[in-house]
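In this chain, numbering begins with 1 at the start of the sequence shown. What you see is a predicted model; the values in this text were computed from it and never measured.
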Amino acid sequence: MRRVELLSPSKNAGVAIVAINNGADAVYMGGPAFGARKMAGNTLEDIERTVRHAHRFYCRVFVTLNTILYDEELPEVERLIHDLYRIGVDAIIVQDPAILKLDLPPIALHASTQMHNYDLERIKFLDRLGFQRIVLARELAVEQLKEIRREVRAELEYFVHGALCVSLSGQCYMSHYLMQRSANRGECAQACRMQWTVEDDAGKVVVKDKYVLSLKDLNLSAHLSELVEIGIDSFKIEGRLKEADYVANVTNYYSSRLDEIVRREPELARVGSGHVVAGFEADPERSFNRGYTDYFLVRRQPGLVNMDTPKSTGKKVAVVKQVKGNQMWVDLLEPVHNADGLCYFDGRELQGIKVNSAEGNRLNCNERLSVKTGTVLYRNYDHEFVMRLAKATSTRKIEVKIDVYAEEEHLVLVATDEDGVSVTIRSDETFEPATNPAQAGRVTGQLRKSGDTDYDCSEVEYHGDTVLFIPASVVNGYRRLLLDKLSLERERSRVTWVQEPLNADVKYTGIADWRLNVVNRLSAEFYREHGVETVEPGFEKEERSAGKEVMTTRYCLLFELGMCRKTGKDKVLKFPLYLSNKLGRFRLDFDCKNCFMKVISV
């Protein structure tokens, strides 16, 4: 049986529990330090609380240690990893290979996408080293994924939803160059979400003050079946800074889509146990999004960025017909509600409107309106949906069959869960035979009442002709004992990962320069031991950074503008092009043979 995993982000323990209750098979979260989202750290106590909840459903907890590390930090990292192993964390997600040279417990190792897992040879190197899982680059296309799956034994994790970094992961240095805030240290200043002006070498302005690097959000929900067929093991939702309502909505949506696929394929199963009882209907378009793209999965295409705003635009809901004062009449694409937040583009920026009251197609707003007739309105705050999410409580239940027997006037109960885990209890006391055969129905009815436990005991069967008279309170007590025993047995039977020793003999044959992000002694030793003769210091350790690639991206501005050099439509420009704002100026280089754009410090 092949198992597939839905992996959800967790800002904290509360969000993690919400994710699991809405169908996540695993969650990833930051530890006290060294995660690639500096503002999403968690205490060991909160991580342990998450582990306890997740393991009840055979779900997993991964902790991010995916920053590059300085020498003085390595002893603390080593202690932290031992603490994480002690509290039951299932895996750590790492970027810096110095971690591989520490004294580690046998905790599973995942190669973060920050290790720049784009090139096949790089991925094969990590596989041969012995990583249990490799988190693949977002830029990979279907044919590349197929080739990787053929060549690699490790589990493969791939992003399917959420924000996109415009640069290849682990290869973006713009934030550090501009503000001394390293993306590889979890301090990214998000230069890609800033306004930039593009001009050519003659000073001709190509784009003025636009968000030319701000990608739309990823949404591969329509491609899940294809990714499952390719052999992707884990489907990752981005968003460790997102709140519980976002995580609940997106997780629930993708979990439902995966369930549909699993139901159609007998050889497939989910990693986690249980089914979700949700109090809402999931719809990712009603949560934060910058508009959606499937990026490079199928083919290169324009429309990857929203040049007008890096903010959430939400869902298209109406077109303006008439405006008068603080009222407007619209053609509705779907109902608008009181207190909704709407937005529109005025030709320069995204503008917002709050709806005080909605009466059919007439919207009364909170201020005098300057929006023009024909303007498209988007809803970036769906008040009714947000309130529904806040009130809804999703629960997760593990299916259990209970068989009831009478043996020599003793009550015998056997519980078997959906994973095949089974326990038996036999009453110490004996019970008189019932004079009314309907007593069997009363016993089974009480056993079905699993209440606020993790279990759904809807299938209960009374075997044999002997029916015992057992008071309801006694039946309830034995049901609690039975389910408590089942929980203990489930934990004893839970499959755990053990990291095998790493392979010391594999050689690294990829590009070996400053882009390996080496900033500590152990990382340099690691690469030398694996065949790299000269290990250059990483960008964060370099004093001179002029003329270096501060960003490498498959996204191409020329292609986005319809001026791809392969078509000849770029002839109106004098190259090179330059990218600038008040913080800095960069040269744009275009590797047209391989379809990459590079941002170069000048």
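Between F526 and H530, the ring planes lie tilted relative to each other; the angle falls in the 30° to 60° range. Taking the six-membered ring where the residue is Trp, W514 and F539 present tilted rings, their angle falling between 30° and 60°.
Salt bridge E139/R554: absent, no basic N to carboxylate O contact under 4.0 Å. At a threshold of 4.0 Å, the pair R133-E157 counts as salt-bridged, since one of the basic side-chain nitrogens sits closer than that to a carboxylate oxygen. E147 and K124 are not joined by a salt bridge, as no carboxylate oxygen comes within less than 4.0 angstrom of a charged side-chain nitrogen. Taking 4.0 Å as the cut-off between side-chain N and carboxylate O, E549 and R515 count as a salt-bridged pair. The pair D259-R270 meets the salt-bridge criterion, with a side-chain N (NZ, NE, NH1 or NH2) lying under 4.0 Å from an Asp/Glu carboxylate O.
I148 and I123 get closest at one heavy-atom pair: CD1-CD1, 3.6 Å. When all heavy atoms of H55 and G88 are compared, the closest pair comes out as CE1-O, 3.2 Å. Across all their heavy atoms, S523 and A98 have their closest contact at N-CB, 3.7 Å. Listed here is the closest heavy atom pair of A189 and M179: CB-CE, 3.6 Å. When all heavy atoms of L156 and I232 are compared, the pair lying nearest together is O-CG2, 3.7 Å. Shortest non-hydrogen contact noted between N22 and A248 is ND2-CB, 3.6 Å.
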Pair L109-L502, side chain to side chain contact (heavy atoms under 4.5 Å, CB included): steps then yes or no: CA-CA 10 Å; L109 298 171; L502 296 177; 4.3 Å; yes
D233/R149 under salt bridge (charged side-chain N to carboxylate O under 4.0 Å, His left out): CA gap, chis, key distance, verdict: CA-CA 10 Å; D233 298 286; R149 182 69 286 173; 3.0 Å; yes
Going through the distances and angles, do K485 and E489 end up as a salt bridge (charged side-chain N to carboxylate O under 4.0 Å, His left out)? CA-CA 6 Å; K485 187 175 183 180; E489 183 62 19; over 6 Å; no
Please evaluate residues E536 and V518 with respect to the criterion side chain to side chain contact (heavy atoms under 4.5 Å, CB included), reporting the C-alpha separation (whole Å), side-chain torsions for both, the decisive distance (0.1 Å), and the verdict. CA-CA 7 Å; E536 296 182 12; V518 174; over 6 Å; no
In sequence, state the C-alpha distance, the side-chain angles, and the governing distance for N289 and S312, and then conclude on side chain to side chain donor-acceptor pair (under 3.5 Å). CA-CA 5 Å; N289 71 85; S312 175; 5.0 Å; no
Please report the C-alpha distance between S273 and R56 in whole Å, then the side-chain angles of each, then the deciding distance to 0.1 Å, and finally whether the side chain to side chain contact (heavy atoms under 4.5 Å, CB included) criterion is met. CA-CA 9 Å; S273 302; R56 283 155 46 186; over 6 Å; no
Can Y555 and L164 be said to form a side chain to side chain contact (heavy atoms under 4.5 Å, CB included), step by step? CA-CA 11 Å; Y555 160 74; L164 287 166; over 6 Å; no
Residue pair R396, D454: steps toward the salt bridge (charged side-chain N to carboxylate O under 4.0 Å, His left out) verdict: CA-CA 7 Å; R396 188 165 181 155; D454 296 336; over 6 Å; no
Assess whether salt bridge (charged side-chain N to carboxylate O under 4.0 Å, His left out) is satisfied between D25 and R60, documenting all intermediate values. CA-CA 7 Å; D25 298 293; R60 301 162 174 165; over 6 Å; no
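Taking the six-membered ring for Trp and the full ring otherwise, F235 and H161 have centroids separated by 6.0 Å or more. The aromatic ring centres of Y246 and F288 sit 6.0 Å or more apart. With ring centers used as reference points, F586 lies under 6.0 Å from Y177.
Judged purely by atom type and a 3.5 angstrom limit, T453 uses its side chain to pair as donor or acceptor with the backbone of S450. A donor-acceptor contact shorter than 3.5 Å is absent between the side chain of D245 and the backbone of L389. Using modelled atom types, no side-chain atom of R240 and backbone atom of K11 make a donor-acceptor pair closer than 3.5 Å. Proximity of a side-chain donor or acceptor of H275 to a complementary backbone N or O of K397 within less than 3.5 Å is detected. In this structure, the side chain of Y254 engages the main chain of V160 through a donor-acceptor pair within 3.5 Å. When atom types are taken as modelled, the side chain of R185 and the backbone of H176 share no donor-acceptor pair closer than 3.5 angstrom. R3 places no side-chain N or O within donor-acceptor distance of the main-chain N or O of G272, the cut-off being under 3.5 Å. A donor-acceptor contact shorter than 3.5 Å is absent between the side chain of N42 and the backbone of D46. At least one donor-acceptor pair closer than 3.5 Å links the side chain of H82 to the backbone N or O of D103. The closest donor-acceptor contact from the side chain of D71 to the backbone of N520 lies at 3.5 Å or more, if one exists at all.
A 6.0 Å sphere centred on CD of E533 holds no more than 12 heavy atoms belonging to other residues, nucleotides or ligands. Heavy-atom neighbours of E151 CD from other residues, nucleotides or ligands within 6.0 Å: above the threshold of 12. No more than 12 heavy atoms of other residues, nucleotides or ligands lie within 6.0 Å of CD1 in I511, so this atom counts as exposed by the packing criterion. Shown here is K311, whose NZ atom has no more than 12 heavy atoms of other residues, nucleotides or ligands within 6.0 Å. Within a 6.0 Å sphere centred on CG of N594, heavy atoms belonging to other residues, nucleotides or ligands number more than 12. No more than 12 heavy atoms of other residues, nucleotides or ligands lie within 6.0 Å of NZ in K391, so this atom counts as exposed by the packing criterion.
Between the NZ atom in K216 and the CZ atom in R290 there is a gap of 12.5 Å [rounded to 0.5 Å]. The CG atom of D90 sits 10.0 Å away from the CD atom of Q132 when rounded to the nearest 0.5 Å. Distance OG/S182 to CD/E540: 3.5 Å, rounded to 0.5 Å. Rounded to the nearest 0.5 Å, atoms OG (S255) and CD1 (I20) are 12.0 Å apart. Considering CG of L258 and OG of S225, their distance stands at 9.0 Å, rounded to 0.5 Å.
Using modelled atom types, one finds a donor on one side chain and an acceptor on the other under 3.5 Å when comparing R138 with S169. A side-chain donor from one of T251 and S8 sits under 3.5 Å from a side-chain acceptor of the other. Between the side chains of T552 and Q171, no donor-acceptor pair is found at a separation under 3.5 Å.
The shortest side-chain heavy-atom distance between D83 and V89 does not fall under the 4.5 Å cut-off. With a 4.5 Å cut-off on side-chain heavy atoms, F62 and H110 count as touching. Residues Y253 and S221 have side chains in contact (heavy-atom distance under 4.5 Å, counting atoms from C-beta outward).
K548 forms no cation-pi arrangement with Y173, by the criterion of a distance under 6.0 Å to the ring centre and an angle within 45° of the ring axis.
Exactly one of N184, N66, T67, N517 qualifies for a side chain to side chain donor-acceptor pair (under 3.5 Å) with Q114. That residue is N184.
With sequence neighbours excluded, the residues forming a side chain to side chain donor-acceptor pair (under 3.5 Å) with E491 are R494, listed by chain and number.
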